[in-house]
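So the structure is just underneath, and the comments pick up after that.
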Protein chains: 2
Amino acid sequence: MNSSASTKERILTAAEALFAQRGFEGASLRQLTAAAGVNLAAVNYHFGSKDHLVEQVFKRRLDQLNARRLAALKQISGLPETTLEDVLSAFIRPALDLSHDGGGGLFMRVLARAFAEHDDSLRKFLSENYGHVMRQFTNEFARLLPGLSKEELYWRIDLVTGALTHAMSGFGIIQRKSDVSEVTHREQTAEHLIRFAASGLRAP
Amino acid sequence: MNSSASTKERILTAAEALFAQRGFEGASLRQLTAAAGVNLAAVNYHFGSKDHLVEQVFKRRLDQLNARRLAALKQISGLPETTLEDVLSAFIRPALDLSHDGGGGLFMRVLARAFAEHDDSLRKFLSENYGHVMRQFTNEFARLLPGLSKEELYWRIDLVTGALTHAMSGFGIIQRKSDVSEVTHREQTAEHLIRFAASGLRAP
DNA sequence: CGTATCCTCAAACGATCGTTTGAACCACTC
DNA sequence: GAGTGGTTCAAACGATCGTTTGAGGATACG
């Protein structure tokens with residue numbers, strides 16, 4: 001029972017990397033199982049089908065990401081001294097951290113692909129596992145931007161989401177210089193994103 | 001189908017729609033030629049291969065888009081009274097117009113997929129047909145935002161690109177209300193995008 | 001030891017993929 | 001009317017896809 005968990009995890013990790021690199025349809029189960037060092041039939045044995053594997057790849061990282069984002073939001077939600085930058089930090093930093101210590105550096109690319117896909121079943125799965133988090137953040141944004149109409153707020157949150165997804169999935173456009181540490185670079189990236197998004201949200 | 005159009009054009013139009021809907025790998029030549037009402041072998045006869053078809057789908061729309069963007073930029077480039085909003089307008093409105101009168105409403109979705117794909121040959125083709133336009137806009141942005149370092153400017157332009165691509169491909173998140181015309185709705189969309197992007201670029 | 005349960009494996013399944021082929025068709029020239 | 005060049009057609013090609021199968025290995029418990 002424990003040896004199967006190892007096989008499962010190896011499939012998930014290999015799938016995450018290959019989906020990020022070649023897409024959901026572009027990555028075949030034969031490439032995938034070869035990279036994971038497991039038998040071809042192991043995917044259908046442990047996950048039932050390729051579609052269920054895709055869902056589980058999402059679920060493993062989204063559970064981490066959701067938990068961290070909600071924990072960060074909880075600490076500042078509703079407080080009178082909370083700023084827009086604080087809320088954006090709670091939204092952005094968990095995603096950047098996941099790229100580093102979760103081993104899920106490639107997950108943001110997978111997520112960007114999911115946005116590009118307009119597949120209905122995948123979108124439904126994402127909204128079920130993602131919707132309640134976005135709703136809480138939206139409420140907090142609304143509190144801190146009382147001048148915005150609901151329509152304008154939705155527009156701008158959508159634009160922020162697009163900017164962040166694009167930036168975090170396309171890592172490497174702005175390369176880390178050799179004289180700054182990984183942690184420092186991540187901090188600078190977060191500040192760039194937060195400053196841009198906060199200013200965009202506050203637009204007159 | 002439109003039997004008056006040439007076989008080549010019918011293939012390009014059907015391919016654009018199917019690539020937007022199912023992706024480059026997800027759309028098969030058999031679905032594609034059936035939708036276009038042409039023989040399966042016509043794709044390889046007229047385009048050589050599926051990959052070349054993908055490139056031509058991009059080329060047909062990008063040529064339009066580039067020409068309109070550069071024409072709009074030329075009218076305001078270098079003038080002392082030009083604002084950031086003017087440059088963004090020259091960048092954004094041609095893309096929105098293409099969605100309407102070019103019949104290429106689906107092209108922005110295809111473009112968003114291309115960003116998600118990290119396929120090297122496709123990226124190379126895009127930079128060859130797209131790079132000089134982005135370079136001219138970047139120069140103009142730099143002139144209007146003298147306080148920004150080169151690194152910061154690249155960062156923010158990348159974020160703007162992500163926001164716009166996401167918004168224009170995801171058309172329909174903000175639905176047009178029945179009491180506003182198509183033209184009015186497009187105008188409102190452009191104003192939303194420009195206001196957000198300008199404010200983000202001007203961030204302290 | 002026998003047996004039950006979970007897992008892995010090589011092999012094969014039918015379906016679908018992009019591409020190629022060679023004959024047929026069509027408008028046009030000499 | 002024979003010939004020519006461009007185009008369309010049905011059919012087939014080999015490759016690869018996700019999935020299934022049935023035999024065999026590994027481990028734990030009686």
Side-chain angles (χ1 to χ4, degrees), chain A residues 1-60 110 113-114 116-117 119-122 125, chain B residues 1-60 110 113-114 116-117 119-122 125:
Chain A
M1 145 199 247
N2 279 346
S3 63
S4 79
S6 145
T7 297
K8 255 183 146 174
E9 283 298 320
R10 280 196 291 173
I11 290 174
L12 284 171
T13 300
E16 185 174 72
L18 264 173
F19 288 160
Q21 189 185 343
R22 311 198 196 230
F24 304 115
E25 310 218 38
S28 74
L29 292 185
R30 283 170 178 81
Q31 296 171 333
L32 202 159
T33 51
V38 303
N39 187 268
L40 168 62
V43 170
N44 283 278
Y45 177 79
H46 286 286
F47 296 94
S49 70
K50 187 182 181 180
D51 284 339
H52 284 93
L53 171 62
V54 172
E55 289 191 355
Q56 291 305 308
V57 168
F58 276 101
K59 187 157 176 45
R60 180 173 67 156
V110 179
R113 280 191 185 272
E117 306 273 346
D119 180 79
D120 281 338
S121 65
L122 192 57
F125 178 84
Chain B
M1 269 291 149
N2 189 359
S3 55
S4 69
S6 71
T7 298
K8 253 184 149 177
E9 283 297 322
R10 281 195 291 170
I11 290 174
L12 284 171
T13 301
E16 185 174 72
L18 264 174
F19 288 160
Q21 189 186 343
R22 310 196 197 235
F24 305 113
E25 310 218 37
S28 75
L29 292 186
R30 284 168 178 82
Q31 298 171 333
L32 203 157
T33 51
V38 304
N39 187 270
L40 168 63
V43 169
N44 282 278
Y45 177 77
H46 286 286
F47 296 94
S49 68
K50 187 182 181 180
D51 285 338
H52 284 94
L53 171 61
V54 171
E55 288 189 356
Q56 291 306 309
V57 168
F58 275 101
K59 188 158 176 45
R60 180 173 68 154
V110 180
R113 280 190 184 273
E117 306 274 344
D119 180 79
D120 282 339
S121 65
L122 191 58
F125 178 84

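All values reported here derive from a predicted model rather than from experimental measurement. When reading the values below, keep in mind they use all heavy atoms of this one structure, side chains included, and skip hydrogens, waters and symmetry mates. Each chain gets a letter, A, B and so on, in the order the sequences are listed, and its residues count up from 1.
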Minimal non-hydrogen separation, [X] against [Y], with atom names:
| X | Y | answer |
| --- | --- | --- |
| L53(B) | A15(B) | CD2-CB, 4.1 Å |
| L18(B) | L32(B) | CD1-CA, 3.4 Å |
| N39(B) | T33(B) | O-CG2, 3.6 Å |
| A114(B) | L122(B) | CB-CD2, 4.1 Å |

[X] [atom1] - [N] [atom2] separation (whole Å):
| X | N | atom1 | atom2 | result |
| --- | --- | --- | --- | --- |
| L32(A) | dT16(D) | CG | C1' | 15 Å |
| H52(A) | dG18(D) | NE2 | C1' | 14 Å |
| R30(B) | dA15(C) | CZ | P | 14 Å |
| I11(A) | dT8(C) | CD1 | P | 8 Å |
| R10(A) | dC7(C) | CZ | C1' | 13 Å |
| L29(B) | dA10(D) | CG | C1' | 17 Å |
| K8(A) | dC6(C) | NZ | P | 13 Å |
| K50(B) | dG18(C) | NZ | C1' | 8 Å |

- Message: For the NE2 atom of H52(A) and the CZ atom of F125(A), what is their distance to the nearest 0.5 Å?
- Response: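 Nearest 0.5 Å value for the NE2-CZ distance: 9.5 Å.
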
Suppose we screen for salt bridge (charged side-chain N to carboxylate O under 4.0 Å, His left out). Which residues come up paired with E9(B), at least two apart in sequence or across chains?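 Counting only residues at least two positions away or on another chain, E9(B) forms a salt bridge (charged side-chain N to carboxylate O under 4.0 Å, His left out) with R60(B).
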
So, does S28(A) get its side chain near the phosphate of dT16(D), meaning an N or O under 4.0 Å from OP1 or OP2?
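No, S28(A) has no side-chain N/O under 4.0 Å of OP1/OP2 on dT16(D).
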
| So, is T7(A) close to the dC7(C) phosphate, meaning a side-chain N or O under 4.0 Å from OP1 or OP2? | no

Side-chain donor-acceptor distances from residues 19-30 of chain A under 3.5 Å, at least two apart:
unit_1: S28(A); atom_1: OG; unit_2: R30(A); atom_2: N; d: 3.4
unit_1: S28(A); atom_1: OG; unit_2: Q31(A); atom_2: N; d: 3.2

- Please work out which residues in residues 39-46 of chain B have a non-hydrogen atom less than 4.0 Å from an atom of DNA chain D and list them by number.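 Only N39(B), A41(B), Y45(B), H46(B) qualify.
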
The answer to which of V38(A) and D51(B) contacts DNA chain C further toward the 5' end, by nearest nucleotide, is V38(A)

